[in-house]
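Residues take their numbers from the sequence shown, with the count starting at 1. What you see is a predicted model; the values in this text were computed from it and never measured.
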Amino acid sequence: MIKRYWIFIAILIPILVIVYYEHRLNEAKANEDVLMELYQSKNNSGYITLLKDGHSFKPLAQTLEELSQVTNQVPPAKVQKLLDQAKVQAKDATQYLTTLIEFSDNYISTSKPRYMIEYDHSVMTSAKQKEVYQLAYGSGLYGLMYGISHHYWKDKPKLIPQATQTALASIAKELRALDKTLASYKTSTDHQLQWGDERSMEQLKSIILNEMRPHFEKIVEFKDEINF
């Protein structure tokens with residue numbers, strides 16, 4: 001009888017241990033799901049705020065248009081002021097766009113980040129998000145404006161080449177188109193903030209990523225037309 005008792009105990013203890021750890025694992029998983037839902041809600045709220053409050057690309061477009069029209073009659077100091085202004089505006093524009101894309105996390109297909117941008121350690125949840133982020137980064141204009149500024153002061157006479165001015169005018173036009181694209185979603189974000197569910201929020205993010213991509217691709221093409 002005693003032997004059977006100890007056999008029973010020997011069988012029961014491992015079962016109890018397994019049940020206990022399964023309970024703890026389930027509890028931990030439930031806590032993780034709650035945390036992820038809270039994080040997703042915070043992420044979506046931040047995304048909506050970024051999109052709704054927005055960043056206007058019109059000032060940068062205006063500066064590029066002015067640079068595309070300068071002649072050798074314009075004082076070099078004024079041209080340099082425009083170039084410096086464009087550098088600041090370009091840096092702000094890229095910062096806004098890359099931040100907006102970082103907040104475009106998608107939790108429907110996966111709940112964990114899977115992609116990292118090597119050069120700045122930004123983390124993405126989908127391949128599309130990563131690709132559009134890289135395009136936005138590549139379409140950034142700070143480096144371009146820095147190069148134009150450098151060559152403007154080095155060259156004699158001080159002129160911005162006609163080919164560069166043509167490309168700047170094209171970039172300005174594309175920036176205005178991008179501004180219009182993002183502005184068109186401000187009403188959608190108001191609706192999402194009040195009535196949207198998580199799935200429709202993810203769909204909105206995906207649509208906007210798709211809408212931004214061709215603008216970035218065109219700007220990259222125009223940048224490639226400029227040779228120093």
Side-chain angles (χ1 to χ4, degrees), residues 46-47 49-104 117-122 132-186 189 208-209 211-228:
Y47 181 85
T49 300
L50 279 168
L51 193 58
K52 182 180 177 182
D53 294 346
H55 174 91
S56 177
F57 303 99
K58 292 179 181 178
L60 174 57
Q62 177 66 33
T63 303
L64 297 185
E65 286 167 350
E66 290 183 39
L67 286 168
S68 73
Q69 296 169 7
V70 298
T71 65
N72 58 359
Q73 303 300 315
V74 179
K78 182 177 180 179
V79 177
Q80 186 59 53
K81 184 178 180 180
L82 287 172
L83 289 167
D84 291 340
Q85 181 174 289
K87 284 188 284 186
V88 173
Q89 292 171 331
K91 190 173 183 179
D92 290 343
T94 300
Q95 180 63 51
Y96 170 77
L97 288 167
T98 53
T99 301
L100 180 67
I101 296 167
E102 279 191 273
F103 273 82
S104 300
I117 306 299
E118 292 76 11
Y119 41 79
D120 65 2
H121 300 123
S122 299
V132 177
Y133 183 97
Q134 291 173 319
L135 274 172
Y137 195 92
S139 69
L141 300 174
Y142 176 81
L144 175 67
M145 302 316 302
Y146 183 90
I148 293 173
S149 177
H150 172 75
H151 284 276
Y152 178 77
W153 276 110
K154 188 179 70 172
D155 293 344
K156 293 181 181 181
K158 297 185 185 304
L159 292 172
I160 297 178
Q162 182 59 52
T164 298
Q165 289 185 306
T166 300
L168 289 178
S170 298
I171 292 172
K173 182 178 179 180
E174 199 58 41
L175 285 171
R176 291 188 182 279
L178 173 61
D179 192 89
K180 186 177 180 179
T181 294
L182 292 178
S184 69
Y185 286 99
K186 288 186 177 182
T189 58
I208 293 176
L209 285 175
E211 292 279 349
M212 289 192 292
R213 181 196 294 267
H215 294 298
F216 299 148
E217 290 174 338
K218 288 181 181 178
I219 291 173
V220 170
E221 289 178 6
F222 294 137
K223 285 179 63 179
D224 289 342
E225 295 175 3
I226 299 176
N227 297 312
F228 296 121

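- Rounding to the nearest 0.5 Å gives a distance of 12.5 Å between CG of Leu135 and NE2 of His215.
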Quick one, Thr181 with Glu211, criterion side chain to side chain donor-acceptor pair (under 3.5 Å). Give me CA distance, side-chain angles, the key distance, then yes/no.
CA-CA 7 Å; Thr181 294; Glu211 292 279 349; 4.9 Å; no
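- When all heavy atoms of Leu60 and Ala90 are compared, the closest pair comes out as CD2-CA, 3.9 Å.
- Looking at Asp179 and Arg176, no side-chain N of the basic residue comes within less than 4.0 Å of a carboxylate O on the acidic one, giving no salt bridge.
- Annotation: side chain of Tyr47 is in contact with side chain of Ile208 (closest heavy-atom distance under 4.5 Å).
- Taking CD of Gln62 as the start and CD of Gln85 as the end, the distance is 9.5 Å to the nearest 0.5 Å.
- Between the side chain of Ser68 and the backbone N or O of Glu65, at least one donor-acceptor pair lies under 3.5 Å.
- Side-chain contact check for Tyr142 versus Thr94: every heavy-atom pair is 4.5 Å or farther apart.
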Determine, stepwise, if the pair Glu217 / Val220 fulfils side-chain contact (heavy atoms from CB on, under 4.5 Å).
CA-CA 5 Å; Glu217 290 174 338; Val220 170; 5.8 Å; no
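- In this structure, Glu225 and Thr166 have side chains that are not in contact, with every pair of non-hydrogen atoms separated by 4.5 Å or more.
- Atom CG of Leu64 and atom CD of Glu174 lie 12.5 Å apart (nearest 0.5 Å).
- The structure places CG of Leu97 at 11.0 Å from CG of Asp92, a figure rounded to the nearest 0.5 Å.
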What verdict does the side-chain contact (heavy atoms from CB on, under 4.5 Å) test give for Lys223 and Ile171, after you've listed the backbone C-alpha separation in whole Å, the side-chain angles of each residue and the deciding distance to 0.1 Å?
CA-CA 8 Å; Lys223 285 179 63 179; Ile171 292 172; 4.2 Å; yes
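- Closest of all the heavy-atom pairs between Phe216 and Val132 is CE1-CG1, 3.9 Å.
- Between Gln69 and Leu168 the shortest side-chain heavy-atom distance does not fall below 4.5 Å.
- With Gln165 contributing its side chain and Val70 its backbone, the two residues share a donor-acceptor pair below 3.5 Å.
- Here NE2 of His150 is found 13.0 Å from CG of Leu83. Values are rounded to the nearest 0.5 Å.
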With side-chain contact (heavy atoms from CB on, under 4.5 Å) as the criterion, how do Leu141 and Ile219 come out once you've worked through the C-alpha distance, each side chain's angles and the decisive distance to 0.1 Å?
CA-CA 9 Å; Leu141 300 174; Ile219 291 173; 4.1 Å; yes
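- Counting only heavy atoms from C-beta outward, the side chains of Gln134 and Tyr137 never approach each other to under 4.5 Å.
- Put simply, the side chain of Met212 reaches to within 4.5 Å of the side chain of Leu182, judged on heavy atoms.
- Other residues, nucleotides and ligands place no more than 12 heavy atoms under 6.0 Å from the NZ atom of Lys218.
- The minimum heavy-atom distance linking Tyr133 with Glu102 is given by the pair CE1-CG, 3.7 Å.
- Crowding of Tyr96 atom OH: a count of heavy atoms from other residues, nucleotides or ligands under 6.0 Å exceeding 12.
- Within the 3.5 Å criterion, the main-chain N or O of Gln95 finds a donor-acceptor partner in the side chain of Thr99.
- Here the closest heavy-atom approach between residue Lys158 and residue Pro76 is recorded as CD-CB, 4.0 Å.
- The side-chain heavy atoms of Leu100 and His55, taken from C-beta on, include no pair separated by under 4.5 Å.
- Atom CG of Asn72 is separated from atom CD1 of Ile160 by 11.5 Å, given to the nearest 0.5 angstrom.
- Counting heavy atoms from C-beta on, the side chains of Leu144 and Phe222 never come closer than 4.5 Å.
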Show your reasoning for whether side-chain contact (heavy atoms from CB on, under 4.5 Å) applies to His151 and Thr164.
CA-CA 11 Å; His151 284 276; Thr164 298; over 6 Å; no
